[in-house]
Structure formats: C-alpha cells, structure tokens
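Below is one structure; the comments refer to it alone.
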Amino acid sequence: MQYQSQAVAKPYFIAAIGLFIGQILFGLVMGLQYVMGDFLFPEIPFNVARMVHTNLLIVWLLFGFMGSAYYLVPEESETELHSPKLALALFWIFLVAGALTVLGYLLVPYAGLAKMTGNDLLPTMGREFLEQPTITKVGIVIVALGFLFNIGMTILKGRKTSVSLVLLIGLVGLAVMFLFSFYNPVNLVKDKFFWWWTVHLWVEGVWELIMASILAFVLIKITGVDREVIEKWLYVIIAMALITGIIGTGHHYYWIGTPEYWQWWGSVFSAMEPIPFFMMTVFAFNMVNRRRRNHPNKAAMLWALGTAVMAFLGAGVWGFLHTLAPVNYYTHGTQITAAHGHMAFYGAYVMIVLTMISYAMPMMRGRAAANSEKSQVLEMWSFWLMTVSIVFITLFLTAAGVLQVWLQRYSDAPQAFMVVQDKIALFYWMRETAGVIFLIGLVLYVMSFFVGSKDPEAVQV
Amino acid sequence: MSGTFTKSMARNIFYGGSAFFVLLFLALSFDTTQALPKRDNRDAITPQVALGKKVWEENNCIGCHTLLGEGAYFAPELGNVYTRRGPDFIKTWLKIQPTGTPGRRQMPQFNLNDEELDAIVAFLKYSSEINAAKWPPNIEG
Ligand code: HEM
Ligand code: HEM
Ligand SMILES: [Fe+2]
C-alpha cells in the first residue's frame with residue numbers, strides 16, 4: 001500500500017463480502033420457494049426475499065465500487081485521499097441506511113414500510129430493483145455526492161491518469177443515472193421507459209466504464225505492461241461500450257408500448273454490445289501474455305482473467321441470445337432473462353469487485369504484495385466453485401427457460417404459467433443444488449482470509 | 001494495436017462517439033415521447049387508475065409477477081390478466097389469498113378495501129390496453 005489513506009477501502013470490502021453472503025442466503029431461500037411454494041410463507045414471501053436478494057447485490061457492489069475507488073484513486077493520483085474521515089463517515093451512513101432498509105423489508109409489510117417512510121410525498125417505491133423507500137434513495141444520493149466530492153478532490157490535486165478519469169466518469173454516470181429513479185409518472189409506459197435509464201444505462205453503460213478501469217488498474221499492477229498500451233485499450237473498450245450500449249437500451253423498448261422502430265434500433269445496436277466485452281477478454285489475456293513480471297498474487301490474476309471471460313459469456317453471449325426482437329418476443333420475461341441476469345452480474349460486476357479485493361486486500365492487511373501460498377490456493381478453489389456453479393445455474397435456468405418458452409409461448413396449445421412451472425421443476429431443483437455449491441465456494445472464499453495468514457508470503461516464481 | 005493508432009486517437013473516439021450517441025439517444029427519446037400518446041393509452045388514466053398503480057407499487061406485486069414482461073418470474077404475467085381472467089375473477093382472487101395449497105407457490109393476503117380492489121382492476125385494465133406490439137404472444141402471457 002503506497003498511501004496510508006488507501007486503507008479506508010478495507011471496511012468497504014469487508015462490508016461488501018458480508019452483504020454478499022446475505023444475498024446468497026436469500027437467493028437460496030427463493031430457489032427453494034420456486035419448488036416448495038409455501039416454504040417460509042407467510043414469514044418471508046417470495047417478493048420480500050427477492051428484494052433483499054437483489055438490493056443486497058446492488059448495495060454490496062456499490063460498496064465494492066467505492067472501496068475500489070478509495071484504493072485506486074490515491075495510488076493513481078499519487079497523493080493521499082482528500083478526506084479519509086469523510087470516507088469513513090459515509091461508510092457508516094451507507095451501512096446503517098442499508099441495514100435499516102433491509103430490516104424494513106423483512107420486518108414490516110411492504111405497504112406499511114411505504115406508509116412509514118412517506119412514499120405518498122414522492123412515490124418511487126414498488127418498482128423492480130428500485131424498491132427502496134424514497135428516503136433511502138435520498139440517502140444513496142447524499143452518500144454518492146460525498147463520495148464523488150472526495151474522489152474528485154483527490155484526482156484534482158494529484159496526477160490525472162486515464163484510469164482514474166474513466167473511473168470517475170463511470171461513477172459520476174452512476175450517480176446521475178440513479179436520479180431517474182425519482183421519476184415515477186402514473187403513465188406506465190413513461191415509467192418503464194425511464195426506469196431503464198437507471199437500470200440498463202447502469203449495467204450496459206456507466207458500470208462498464210467502472211469495470212474496465214478497475215480491470216486496467218489491476219492489469220497495470222500485476223503485469224507491469226506499459227500504461228500507454230493499457231490505457232489505449234481502455235479507451236477503445238469504453239468507446240465501444242457506450243457507442244453500442246446507449247442506443248442498445250432499445251432492446252427493452254420492444255413490448256412496453258413504445259414505438260416499434262425500437263425493434264430495429266434496439267436489435268442492431270444491442271447485437272453489437274458483446275464487442276466491448278469480447279475486447280475485454282482479448283485485452284486481459286493479451287496483457288497477461290505480455291507481462292513483464294510474474295506477480296506473486298496468482299489469485300488476483302485468476303480473478304482478472306476470469307471476470308474478462310465470464311463477463312463476455314454472461315453479458316455478451318447470453319445477452320445476445322435473447323436480444324434480437326423476434327427472439328425476445330418469445331423469451332421476454334422468462335427464465336432465459338434470469339439465466340442471463342445471473343451470469344452477467346456475476347461475471348462482470350461480482351468478479352471485478354472480487355478481483356480488486358483479491359489484489360488490494362493482502363496489502364491492506366500488511367503483506368508486501370500477496371497472501372501465502374495456502375491462502376491463495378483456497379481462494380482459487382473458491383473461484384472455481386463459485387464460477388462453475390454460476391455456469392450451471394445459468395445452464396439450468398436456460399433449460400428451464402427454453403421449455404417455458406416452448407410450452408407457454410410457442411407451441412400450438414399454450415399452457416398456463418403455473419402448469420408449465422410444475423413441469424420444469426426438475427431444473428429448479430438442479431439450480432438450487434448448484435446454488436448450494438456456490439454457497440460452499442463463498443464459505444471457502446471467506447475462509448481464505450483466515451487460513452494461512454501466519455504463513456510466509458508467496459514469492460515470485 | 002499498432003503504433004500508428006495512438007492513445008489520444010482512442011480517447012477522441014471515446015468522447016466523440018459517446019457524445020454523438022448520447023445526442024442520438026436523446027433525439028430518439030424525444031421522438032418517442034411525441035409518439036407515445038397514440039400508443040400508451042393515456043386517455044384511460046383516471047384518478048382511479050392512478051390509485052391502482054399506487055396500490056400495485058405499495059404492495060410490491062412486481063416482486064413476484066411480470067407486468068408487460070418486466071418484473072419477477074415467479075408468478076403469472078399480469079399485463080393481460082384483465083383479458084385472461086376479467087375483473088370479477090381478479091377481485092375475488094385478491095380476496096381469497098393465500099390459497100394455502102400445500103407445496104404450491106403462495107400469494108399473500110393484502111387486505112385491500114373495495115376502493116383499492118376496484119382501483120387495481122382499473123389499473124390492470126388500463127395496462128392491458130396499452131399497445132405493446134402484439135406482446136404477449138398468447139393469452140397465457
Ligand atoms: C454486465 C452486463 C449486463 C448485466 C449485468 C445484465 C443484466 C441484466 C438483467 C438483470 C436483466 C433483467 C432485467 C429485468 O429484471 O427486467 C437483463 C435483461 C436483458 N439483457 Fe442484460 N445485462 C448485461 C448485458 C447485456 C448485454 C450485453 C445484452 C445484449 C447483447 C443484454 C441483453 C439483455 C436483454 C435483451 C434483456 C431483456 C430480457 C427480457 O426481455 O426479459 N444484456 N440484463
Ligand atoms: C447462488 C445461489 C442463487 C440463487 C439460488 C439465486 C436465485 C434467484 C432467484 C430465485 C431469483 C428470482 C427470479 C425471479 O424473479 O423469479 C433471483 C434473481 C436475481 N438474482 Fe439470484 N440467485 C443466486 C445467486 C445470485 C448471484 C451470485 C447473483 C449475482 C451475481 C444473483 C443476481 C440476481 C439478479 C440480478 C436477479 C434479478 C434477475 C432478473 O430480474 O432477471 N443471484 N435469484
Ligand atoms: Fe439492457
């Protein structure tokens with residue numbers, strides 16, 4: 001660790017991992033409710049588990065992004081963080097607000113939560129992923145502003161690199177696009193239209209900038225390849241991301257009451273969205289092959305290559321699978337969507353955060369560059385268990401989705417939703433099994449922070 | 001990437017390309033808002049529909065159901081449930097939840113009053129009449 005203040009990233013990463021565990025537990029609850037419909041009913045209805053699952057995901061990824069920024073920006077800017085105190089204060093505010101919101105979901109009926117938090121004043125609740133009470137949303141904006149101020153001031157006073165600049169653009173974009181979550185007109189079509197400005201333009205827009213810049217940073221560090229080369233790649237990748245991804249929003253405007261020309265705009269541009277993800281894969285492998293040193297943190301290298309591959313598979317391949325309008329006509333809102341959502345989120349954003357944690361955490365815990373051999377071996381086991389599990393979750397959900405589309409949407413005698421769900425239950429059981437293995441991988445991941453921490457550091461080979 | 005293609009060229013493509021496509025997207029979005037009145041069934045939006053949307057949101061129906069294909073995939077599509085089942089079924093259905101059938105997926109009891117029930121039905125009727133380009137493919141949603 002080159003700058004003292006980089007250490008504020010540590011609580012962010014710890015919180016991220018803690019919430020990640022919670023996310024997976026609620027995923028498993030839902031997975032069971034899919035096949036045992038009355039499991040934990042009425043204590044935890046499916047919708048509540050789902051809110052907790054997805055909101056924890058988003059919140060821990062945000063913790064991960066913020067932690068990454070607090071670690072990355074001082075090092076890139078070659079200066080201490082503007083205010084470590086502010087960073088720590090915002091950490092606690094965000095954690096408490098997040099915990100209260102999740103407790104609210106679990107302890108109060110949602111309608112009651114809406115009443116308690118004054119949803120009437122500015123109704124923003126009850127929309128997928130944006131279920132947070134309006135006051136929580138305001139809190140998120142405040143935390144984001146303080147965070148951006150802190151990061152921005154640090155960049156301003158220090159060295160300005162392309163990596164930190166791209167990260168900053170991504171983070172500002174994240175905050176700006178979130179503002180659309182406050183717009184909730186009665187007109188359902190307009191509501192949906194602008195809802196995607198937050199959701200799509202996050203994951204297929206500004207978050208890609210965040211991902212690419214973190215990946216670039218870690219690759220510079222572990223491969224020692226010339227910064228000029230890496231930053232050139234970075235710009236080309238994010239250029240492609242925004243050139244394809246912005247108009248690509250149109251792939252959500254096929255069937256929600258928007259004009260039908262979106263079927264063309266959306267299909268053509270979103271069909272090109274895999275390009276930046278493919279470039280990230282080529283980029284990561286290229287840089288590793290051209291490495292000038294063998295960094296002792298092999299686990300971090302594995303995560304970096306893994307995220308590049310899995311993001312391409314989940315977002316690129318599984319995204320392409322259902323993005324053309326004539327295909328999406330049948331797959332829209334089925335298990336195909338869920339399959340894609342899982343692999344894309346995991347491959348791109350879970351794994352990039354874990355890459356950064358893997359790279360940075362050893363230094364923040366007093367190592368010179370890497371954990372012990374033993375700890376790294378365990379971490380790499382957890383990598384494979386989680387990654388292979390998510391591949392299987394995706395495959396099982398895809399199989400379920402294909403059957404669902406066939407039986408409910410495509411065949412000559414379409415069957416009712418619940419009838420079809422019964423027929424494909426086997427695949428949901430298999431998904432749940434893969435989910436349990438994912439959890440085991442996650443437990444190993446947490447253990448890797450404790451096992452072998454007394455052993456000597458792994459050395460360069 | 002070869003030596004003639006420099007970092008500053010890459011940066012310019014990023015800024016130029018992004019700016020161009022942001023503007024194009026804004027233009028298309030503006031055109032969409034102009035075209036919406038013919039498709040989005042806005043004439044049907046009454047105070048009752050507005051209340052219905054509020055009831056819909058404040059009970060998080062989207063956490064189990066899809067509406068025009070967006071939401072959760074645990075329970076049936078409701079964008080066309082008005083056509084599939086009709087108003088009386090929907091009201092009765094909401095009143096008799098949960099079914100309590102062992103092992104079957106459950107929907108909670110929301111204790112909605114008559115005004116709210118009528119509002120939900122009005123909202124679902126309005127939703128079913130949005131011109132969604134012939135989606136869903138059939139009545140089962
Ligand atoms: C890392 C990047 C990505 C992430 C995290 C992601 C995540 C998701 C999620 C969670 C949904 C479901 C949204 C909902 O609940 O309604 C979704 C939908 C969708 N995604 Fe992605 N996605 C990514 C990239 C892509 C790419 C590159 C493509 C196209 C090539 C794509 C195509 C689609 C389509 C067509 C849908 C709509 C599915 C439907 O009609 O139900 N996604 N995505
Ligand atoms: C490991 C065990 C997991 C299980 C059993 C599980 C299960 C589920 C279930 C049942 C849903 C709801 C689907 C529906 O709407 O009907 C869901 C949604 C979701 N989960 Fe998971 N999940 C797991 C792990 C994960 C992980 C690791 C991630 C992130 C990378 C994730 C991200 C999501 C997202 C983004 C959604 C919303 C999907 C959409 O709207 O299309 N889940 N999950
Ligand atoms: Fe999208």
Side-chain angles (χ1 to χ4, degrees), chain A residues 33-34 36-38 41-42 45-48 50-51 110-111 114 119 123 125-128 131 162 186-190 192-193 228 231-233 235-236 238-239 242-243 246-247 249 253-260 263 265 329-330 332-335 337-338 408-410 414-418, chain B residues 1 5-7 10-11 13-14 17-18 21-22 24-25 28-29 31-33 35-36 39-42 45 49-50 53-54 56-60 62-64 66 68-77 98 102-106 108 110 126-127 130-133 135-141:
Chain A
Q33 287 176 333
Y34 246 79
M36 295 171 42
D38 48 3
F41 188 86
F46 180 86
N47 63 312
V48 172
R50 193 182 202 276
M51 280 192 288
Y110 193 70
N119 192 49
M125 293 174 71
R127 295 171 305 149
E128 194 194 0
E131 295 93 349
S162 302
V186 174
N187 186 327
L188 185 65
V189 180
K190 280 166 112 184
K192 284 173 173 290
F193 187 84
E228 280 300 299
E231 291 183 339
K232 189 170 21 170
W233 273 94
Y235 274 124
V236 177
I238 61 169
L242 293 191
I243 287 170
I246 294 174
I247 308 290
T249 316
Y253 296 161
Y254 301 156
W255 329 113
I256 60 164
T258 32
E260 277 154 52
Q263 293 181 21
W265 288 104
Y329 182 68
Y330 292 102
H332 183 44
T334 62
Q335 297 300 323
T337 309
Q408 185 192 319
R409 296 247 171 102
Y410 196 83
Q415 301 172 38
F417 178 93
M418 291 297 283
Chain B
M1 270 172 273
F5 184 71
T6 62
K7 184 172 114 186
R11 187 179 51 215
I13 295 178
F14 166 64
S18 305
F21 283 100
V22 166
L24 179 58
F25 185 61
L28 286 169
S29 297
D31 185 76
T32 297
T33 59
L36 277 188
R39 307 180 59 97
D40 64 10
N41 195 25
R42 64 180 62 190
I45 299 179
V49 168
K53 185 163 185 275
K54 194 167 153 282
W56 170 269
E57 286 169 358
E58 296 196 344
N59 290 285
N60 192 226
I62 204 79
C64 293
T66 47
L68 302 185
E70 293 170 3
Y73 323 116
F74 183 71
E77 159 72 23
R104 196 175 167 90
R105 295 182 191 173
Q106 295 296 305
F110 296 106
Y126 148 76
S127 308
I130 289 169
N131 179 352
W135 195 91
N138 66 63
I139 195 73
E140 299 299 348

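Proteins come first, then strands; the chains are lettered A, B, ... in the order of their sequence lines, and each starts at number 1. For clarity, every value in this text was computed on a predicted model and none was experimentally measured.
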* Could you look at B:Ile139 and say if it's the side chain, the backbone, both or neither that has a heavy atom under 4.5 Å from chain A? => neither

* **salt bridge (Lys or Arg N to Asp or Glu O under 4.0 Å) against B:Glu77, all qualifying residues, sequence neighbours excluded** => none

* **Residue selection (most heavy-atom pairs with chain A, distance under 4.5 Å) from B:Ala35, B:Pro136, B:Ser127, B:Pro108** => B:Pro108

* Asked: Does a side-chain N-to-carboxylate-O contact under 4.0 Å join A:Arg50 and A:Glu131?
  -> no

* **Contacting moiety of A:Met125, where chain B heavy atoms sit under 4.5 Å** => backbone

* May I ask you to decide if the ring planes of A:His332 and B:Trp135 are parallel, tilted or perpendicular, using 30° and 60° as cut-offs? => perpendicular

* Structure fact -> Max heavy-atom pairs within cutoff under 4.5 Å with chain A, candidates B:Ile45, B:Val49, B:Leu28, B:Thr33, goes to B:Leu28

* Asked: What part of A:Phe41 lies closer than 4.5 angstrom to a heavy atom of chain B: side chain, backbone, both or neither?
  -> side chain

* To do: Find the one option among A:Asn119, A:Ile243, A:Val189 whose heavy-atom pairs under 4.5 Å with chain B are most numerous.
  => A:Ile243

* To do: Counting only heavy atoms closer than 4.5 Å, note whether B:Leu24 contacts chain A via side chain, backbone, both or neither.
  => both

* **For chain B, the option from A:Asn47, A:Thr334, A:Ile247 that forms the most heavy-atom pairs under 4.5 Å** => A:Asn47

* Asked: How long is the gap from NZ on A:Lys192 to CG on A:Asn187, to the nearest 0.5 Å?
  -> 11.5 Å

* Asked: Given the side-chain rings of A:Tyr254 and A:Tyr329, with only the six-membered ring counted for Trp, is the space between their centroids under 6.0 Å?
  -> no

* To do: Using atom types as modelled and distance alone, determine if a side-chain donor or acceptor of A:Arg409 lies under 3.5 Å from a backbone N or O of B:Asn138.
  => no

* Atom group of B:Asn60 that falls short of 4.5 Å from chain A, counting heavy atoms -> both

* To do: Check whether B:Ile13 gets within reach of chain A through its side chain, its backbone, both or neither, counting any heavy atom under 4.5 Å.
  => both

* Under 4.5 Å between any side-chain heavy atoms of B:Tyr73 and B:Thr66, yes or no? -> yes

* Asked: Measuring heavy-atom distances to chain A, does B:Asn41 have an atom under 4.5 Å in its side chain, in its backbone, in both, or in neither?
  -> neither

* Asked: What distance separates B:Glu58 CD from B:Lys53 NZ, expressed to the nearest 0.5 Å?
  -> 11.0 Å

* Structure fact -> Among B:Phe21, B:Trp56, B:Phe110, the residue with the most heavy-atom pairs under 4.5 Å to chain A is B:Phe21

* Under 4.5 Å from a heavy atom of chain B, the part of A:Pro45 involved -> side chain

* Largest heavy-atom contact set with chain B, pairs under 4.5 Å, which of A:Glu231, A:Arg127, A:Lys190 -> A:Glu231

* For A:Phe417, what residues pass the ring pair (Phe, Tyr, Trp, His ring centres under 6.0 Å) criterion, not counting sequence neighbours? -> none

* Structure fact -> Looking only at B:Cys64, B:Pro98, B:Gly17, most heavy-atom pairs under 4.5 Å shared with chain A are made by B:Cys64

* For A:Gln415, is it the side chain, the backbone, both or neither that has a heavy atom under 4.5 Å from a heavy atom of chain B? -> backbone

* Which region of B:Tyr126, side chain (C-beta onward) or backbone (N, CA, C, O), has a non-hydrogen atom less than 4.5 Å from a non-hydrogen atom of chain A, or is it both or neither? -> side chain

* Interface moiety of B:Thr32 toward chain A, non-hydrogen atoms closer than 4.5 Å -> both

* Under 4.5 Å, counting heavy-atom pairs only, tell me which of A:Gln335, A:Gln408, A:Met36 racks up the most with chain B. => A:Gln408

* B:Ala50, B:Pro137, B:Ala10, B:Ser29: which one forms the most heavy-atom pairs within less than 4.5 Å of chain A? -> B:Pro137

* Asked: Can you tell which of A:Val186, A:Val48, A:Leu242, A:Thr337 has the highest number of heavy-atom pairs within less than 4.5 Å of chain B?
  -> A:Val186

* Would you say the side chain of B:Phe5 lies within less than 4.5 Å of the side chain of A:Val236, judging by non-hydrogen atoms? -> yes

* Heavy atoms only, distances under 4.5 angstrom: which of A:Pro123, A:Gly333, A:Ser162, A:Ala114 has the most pairs with chain B? Name it, please. => A:Gly333

* Aromatic ring pairing B:Phe74/A:Phe46, orientation class (parallel under 30°, perpendicular over 60°, tilted between) -> parallel

* Determine the minimum heavy-atom distance between A:Gln263 and B:Ala133, stating which atoms define it. => NE2-CB, 3.8 Å

* Asked: Which atoms form the tightest heavy-atom contact between B:Ile62 and B:Gly71, and what is the distance?
  -> CG1-CA, 3.7 Å

